[in-house]
Amino acid sequence: MGRGRLRVYLGAAPGVGKTYAMLAEGARRRERGTDVVAGFVETHGRPRTAALLDGMEVVPRRTLDYRGTSFTELDTGAVIARRPQVALIDELAHTNVPGARNTKRWQDIEEILEAGIDVVTTVNVQHLESVNDVVERITGVPQRETVPDEVVRRADQVELVDMAPEALRRRMAHGNVYAPEKIDAALGNYFRVGNLTALRELALLWLADKVDDQLDRYRADHGIARTWEARERVVVALTGGPEGDTLIRRAARIADRTKGADLLAVHVARNDGLTDAGPANLTRQRALVESLGGSYHQVVGSNVPDALLDFARGVNATQLVLGASRRGRAAQLFSRGVGVTTTAQSGTIDVHLVTHEETNQGRRWRARRPAGLPAARRNAGFALAAAGLPLLTVLLVHLREQLSLASDILLFQAAVVGVALLGGLYPALFAAIGGSLLLNYYFTPPTGTFTVAQPEALLQLVIYVVVGVTVSTIVDITVRRSREAAQARADAEVLSTLAGDILRGEHAPVAGPGGYSALGNILERLRETYALTTVTLLERDPDAPITPDTLRDPDCWGIVATAGGEPCTSPDAGESDVLVEDGTLSLVLRGRTLPASDRRVLEAFAAQAAVALRHQRLAETARQIRPLEAADKMRTALLNAVSHDLRTPLASAKAAVESLHSPDVAWSDEDQDELVATAAESLARLDHLVANLLDMSRLQAGSLGISPRRVAVEDIVARAIGDTDAVEIHIPDGLPEMVADPALLERVLANLIANAVRFNPPGEPVVITASAHGDRLELRVIDRGPGIPPADRDRVFQPFQRLGDRDNETGVGLGLALARGLAEAMDGGITPEETPGGGLTMILTMPARGAL
């Protein structure tokens with residue numbers, strides 16, 4: 001049996017009618033004779049939704065006990081054993097109770113689908129993993145339950161259950177979504193018109209992407225290459241030249257004219273790996289595209305127009321933006337160029353040819369073409385031709401009777417090839433022309449003159465010269481390409497090493513604000529690679545005017561980071577420099593002058609340095625903001641917690657006092673005592689809470705008064721236990737005294753004991769042990785409770801943390817935070833560890849006698 005089919009009803013918010021649509025679909029299928037069961041349906045008490053379940057078979061749910069409460073979950077095994085044709089299962093993103101068969105309901109549904117059963121389910125857009133954070137920013141409500149987008153994208157059908165925000169709010173106002181007591185709060189918070197409109201747009205856009213994927217698969221499966229203008233997609237072609245910024249902005253404006261249009265930038269790299277594109281330009285332009293909401297792509301191809309159009313058709317582009325040709329008018333007479341060729345072959349894709357400042361100016365930014373063979377080999381080639389051809393002539397003159405003219409020409413041809421292999425093009429041309437003259441004078445009848453009497457001899461000489469020139473040209477091109485490939489391979493190795501260092505996070509020391517950073521690694525790697533003495537990254541003063549003089553003035557530049565010797569203070573202070581970030585940054589090199597062929601790699605280093613600097617500054621900004629975020633989070637948590645914990649004891653005390661003060665009721669003595677006790681208990685709780693808050697604020701301000709002195713371990717433990725009888729004490733004799741403030745230490749230990757007693761199983765005692773280790777004493781408070789996962793052991797000491805396992809009546813969560821703060825203020829500490837056999841051990845470490 002094959003895999004079942006999945007149908008998902010997607011909604012923008014609760015209450016739009018997903019469950020109703022799912023049940024209606026189940027009812028329609030059941031009427032057609034399909035075996036349909038309700039695996040798990042949550043009606044939320046809505047009568048019209050519950051009515052659709054009438055007459056439908058419902059698979060009994062599985063009951064699970066968790067922390068003293070019973071929960072019902074989908075019984076996956078029962079659904080598979082029942083083997084219906086279709087199962088209706090609500091809430092795809094639901095998280096199952098611990099102890100269930102799977103952690104998530106979508107995992108249960110996967111098992112049911114693998115069993116060959118079709119499933120119809122529901123999910124809200126806020127539960128999709130990819131938009132979960134966006135929804136939280138819009139609504140201010142975090143969604144804890146999420147489902148991977150891929151699970152929904154794999155569905156055979158996804159149907160949007162849509163409803164206008166105003167209609168949904170009317171449904172809520174009529175009581176069709178939530179209970180009456182929740183309506184006002186919901187309408188004023190999550191279900192505001194703006195929130196619902198944004199959620200609706202998210203759902204529509206997500207579904208549009210899903211439909212777009214289905215359309216792409218359909219076109220690929222059916223071999224459809226022509227563009228279907230179902231959605232505007234604007235592709236802008238980048239060459240790596242300086243005009244790319246203009247093209248990107250123009251393409252972005254074109255895309256903005258159509259709501260929901262996509263912007264894609266593409267760079268076509270030659271498939272031989274040899275390109276004259278500017279890496280710094282491409283890096284900057286990629287950042288620009290992404291900042292405008294587009295995406296950057298790179299494809300490889302030998303024919304730029306064909307590669308560009310293949311990409312455009314592959315992404316179903318509707319418009320293509322190209323820059324007007326940079327080549328001069330003379331060059332355009334011999335070749336139409338990429339723009340004209342692409343336009344002629346574009347078919348249904350609209351092509352925009354955009355003029356720019358570089359039009360008809362030629363590729364002035366191109367690196368100088370590498371030379372062919374080195375001068376030493378060219379000189380050797382000339383010397384071989386000058387000496388070798390006369391010697392060959394003398395030899396052949398003596399063998400004139402034995403050899404024909406054709407043999408003489410072949411031998412001279414071999415000499416020309418040898419000269420070409422040694423010296424390249426120009427020595428070979430010299431040898432070919434000189435050899436033709438020698439052949440003509442000494443071996444072509446009539447000899448001794450430069451006259452050629454026989455047409456066949458003339459043809460042989462012409463072929464000789466043509467072959468010599470051709471061989472020389474091929475050798476020169478081969479050598480040039482070989483050197484270019486070697487240079488490209490070396491550049492690629494350098495850049496690969498640089499990228500590997502950055503990805504591995506290797507940091508090098510660097511002078512200046514950078515310190516140990518990725519930026520320092522880039523500068524140091526560049527200095528080592530090219531054997532430089534100093535590499536400096538400079539930043540121009542933003543207030544300085546941009547003129548030729550200020551661009552070289554040291555007062556207008558500041559050192560961002562430097563590696564090596566004495567730093568350069570201006571771009572003129574080094575042998576080479578590369579400007580990046582629109583001239584605001586300059587990478588200056590000192591030590592030796594680098595050839596123009598290394599310019600591309602230098603630009604790549606400069607671009608990476610600029611990116612590293614940007615990331616470094618963003619990280620520094622994040623570090624500066626983090627304390628503010630923590631303080632804000634602390635204030636928010638304090639307000640949230642105190643709003644309940646202050647209100648509860650105040651309300652209890654107020655109610656008790658008002659009851660006693662009421663003249664309408666005659667209270668008995670017992671009732672009066674009980675009310676007074678209630679008021680006293682509530683005020684005591686309030687006093688304890690305020691004391692904790694004050695102590696925590698003093699700790700954070702560093703103004704808590706501490707009076708350390710020597711105290712006996714037995715005495716402090718006895719006072720901390722008080723009347724608690726669920727504690728066993730195992731303290732050996734002869735322990736040294738502790739050095740601490742007795743009152744504060746008692747509060748710390750009492751807090752740890754109370755926490756252990758609260759979570760210890762009934763009937764199990766909390767064990768307290770003590771031991772000495774050098775100049776430190778350890779007190780261990782040991783319980784056999786549920787313990788704390790290792791990942792949460794530090795978090796429990798943060799203020800207002802309860803790990804989600806306690807209600808709001810147990811305090812604001814300051815106990816452990818205050819206990820650790822007080823211990824550290826007395827030069828001690830608290831460390832949690834797992835109790836062997838299960839549970840939690842809190843280790844209180846304090847200075848021993850002699851440390852005072």
Side-chain angles (χ1 to χ4, degrees), residues 1-11 14-63 72-96 100-125 127-128 145 147-163 203 206-207 210-211 213-214 217:
M1 181 178 294
R3 177 183 169 89
R5 295 176 61 83
L6 176 63
R7 180 179 183 134
V8 178
Y9 284 98
L10 174 68
V16 294
K18 303 180 304 299
T19 304
Y20 187 90
M22 177 186 71
L23 291 172
E25 174 66 17
R28 285 193 295 271
R29 296 195 186 192
R30 190 159 58 91
E31 289 173 359
R32 295 196 299 263
T34 304
D35 183 14
V36 180
V37 300
F40 189 101
V41 177
E42 187 61 69
T43 64
H44 299 287
R46 299 164 189 167
R48 293 184 61 194
T49 303
L52 289 175
L53 277 173
D54 293 343
M56 186 177 295
E57 179 182 350
V58 178
V59 177
R61 301 181 183 184
R62 182 184 178 189
T63 302
T72 59
E73 295 288 0
L74 170 67
D75 194 336
T76 307
V79 173
I80 295 176
R82 169 63 176 76
R83 302 200 68 82
Q85 291 177 279
V86 178
L88 309 181
I89 302 174
D90 214 353
E91 298 179 356
L92 177 65
H94 173 74
T95 300
N96 294 329
R101 182 165 179 157
N102 293 298
T103 304
K104 294 285 190 177
R105 184 163 294 165
W106 64 264
Q107 296 170 330
D108 295 329
I109 290 176
E110 284 292 319
E111 283 194 35
I112 295 171
L113 291 171
E114 291 296 332
I117 301 170
D118 293 347
V119 174
V120 183
T121 186
T122 65
V123 70
N124 280 328
V125 69
H127 296 300
L128 297 176
E145 296 181 327
V147 60
D149 288 49
E150 186 58 29
V151 173
V152 185
R153 289 190 184 278
R154 287 200 306 263
D156 299 279
Q157 287 180 281
V158 179
E159 183 173 332
L160 180 66
V161 182
D162 191 25
M163 181 176 289
W206 192 94
L207 189 60
K210 160 78 174 173
V211 174
D213 292 341
Q214 293 176 327
R217 285 197 298 269

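- Within the 4.5 Å cutoff, the side chain of Leu6 has no heavy atoms near those of the Arg154 side chain.
- Across all their heavy atoms, Thr72 and Phe40 have their closest contact at O-CE1, 4.0 Å.
- Using a 4.5 Å heavy-atom threshold, the side chains of Glu73 and His94 count as touching.
- Under a 3.5 Å cut-off, the side chain of Asp149 and the backbone N or O of Leu128 do not form any donor-acceptor pair.
- The two atoms that bring Val79 and Ala87 nearest to each other are CG1-CB, 4.1 Å, heavy atoms only.
- Between Lys104 and Glu110 there is no salt bridge, since none of the side-chain N atoms of the basic residue sits less than 4.0 Å from a carboxylate O of the acidic one.
- Contact between Arg105 and Asp90 at its shortest, heavy atoms only, is NH1-O, 3.0 Å.
- Minimum interatomic distance between Ala38 and Met56 (heavy atoms only, all atoms of both residues): CB-SD, 4.2 Å.
- Considering CD of Glu111 and CG of Leu74, their distance stands at 10.0 Å, rounded to 0.5 Å.
- Ion pair Arg28/Glu25 flagged as a salt bridge, since at least one NZ, NE, NH1 or NH2 atom sits closer than 4.0 Å to an Asp/Glu carboxylate oxygen.
- How far CG of Asn102 is from OG1 of Thr95: 12.0 Å, rounded to the nearest 0.5 Å.
- A distance of 4.0 Å separates CG of Asp156 from CZ of Arg5, quoted to the nearest 0.5 Å.
- Checked for salt-bridge contact, Arg3 and Glu114 meet the test: a charged N lies under 4.0 Å from a carboxylate O.
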Discussion item. Side chain to side chain contact (heavy atoms under 4.5 Å, CB included), that's the test. Do Val16 and Asp162 meet it? Break it down for me.
Written reply: CA-CA 7 Å; Val16 294; Asp162 191 25; over 6 Å; no
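- With hydrogens and angles ignored, the 3.5 Å screen pairs no side-chain donor or acceptor of Thr43 with any backbone N or O of Ala50.
- When atom types are taken as modelled, the side chain of Arg46 and the backbone of Tyr20 share no donor-acceptor pair closer than 3.5 angstrom.
- Ion pair Asp35/Arg82 flagged as a salt bridge, since at least one NZ, NE, NH1 or NH2 atom sits closer than 4.0 Å to an Asp/Glu carboxylate oxygen.
- Considering only heavy atoms from C-beta on, Val147 comes within 4.5 Å of Val123 through its side chain.
- Between the side chains of His127 and Glu91, not a single donor N or O lies within less than 3.5 Å of an accepting N or O.
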Worksheet entry | side chain to side chain contact (heavy atoms under 4.5 Å, CB included) evaluation trace for Val158 with Leu160 | CA-CA 7 Å; Val158 179; Leu160 180 66; over 6 Å; no
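- Atom CG of Leu10 is separated from atom CD of Gln157 by 13.5 Å, given to the nearest 0.5 angstrom.
- For the pair Arg29/Gln85, no side-chain contact is recorded, criterion being any heavy-atom separation below 4.5 Å from C-beta on.
- Using modelled atom types, no side-chain atom of Asp75 and backbone atom of Arg62 make a donor-acceptor pair closer than 3.5 Å.
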Worksheet entry | side chain to side chain contact (heavy atoms under 4.5 Å, CB included) assessment of Met22 paired with Val41 | CA-CA 9 Å; Met22 177 186 71; Val41 177; 4.0 Å; yes
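- Rounded to the nearest 0.5 Å, atoms CG (Asp118) and OG1 (Thr34) are 9.0 Å apart.
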